[in-house]
Amino acid sequence: MSDHPDLELAQQTLRDYHQFLQQQLQHEQAREDADEETLDELEEHLQEIESEQQTLTPAVIHKALTVYAPFLQAMQ
C-alpha cells in the first residue's frame, strides 16, 4: 500500500482525526455530568480509527480523504 498516491495525506488525516476524537473524549470525561453513552461512542470511534490506521486499505484511504478530511476542515 506504500505506493498509493494519497497514502501520506490519509495517514495525516487519520492522525488529526484521532487527535480530535481524543480531545473530545477528554472534554467529555472532564465534565461533571459526563454522558456515559457519549463516552462509549467516542471510545468506540477511537478504536475504529486506530484499527483503520493499522490497515490503511484503499477503502480506508478513501474514507479518510472523503469523510474525515472534510469534517476536520469544517471544524476549523
Out of curiosity, [X] [atom1] to [Y] [atom2], how far, rounded to the nearest 0.5 Å?
| X | Y | atom1 | atom2 | result |
| --- | --- | --- | --- | --- |
| L25 | F20 | CG | CZ | 11.5 Å |
| E28 | E37 | CD | CD | 11.0 Å |
| H27 | T38 | NE2 | OG1 | 10.5 Å |
| L42 | L21 | CG | CG | 6.5 Å |
| L65 | H62 | CG | NE2 | 8.5 Å |
| I49 | Q22 | CD1 | CD | 11.0 Å |

With a 4.5 Å limit on heavy-atom distance, are the side chains of E36 and E41 in contact? no

May I ask you to test the L14-H18 pair for a side-chain heavy-atom distance under 4.5 Å? no

Please enumerate all residues that pass side chain to side chain contact (heavy atoms under 4.5 Å, CB included) together with Q12, with sequence neighbours excluded. R15, D16

Under the rule for side chain to side chain contact (heavy atoms under 4.5 Å, CB included), what residues qualify as partners of E48, not counting sequence neighbours? H45, E52, K63, Y68

Of all the heavy-atom pairs spanning A64 and T13, show the shortest one and how long it is. O-CG2, 3.2 Å

Determine whether a donor-acceptor pair (N or O, by modelled atom type, separation under 3.5 Å) exists between the side chain of S51 and the backbone of Q47. no

Looking at D6 and L9, would you say the former's side chain and the latter's main chain have a donor-acceptor pair under 3.5 Å? no

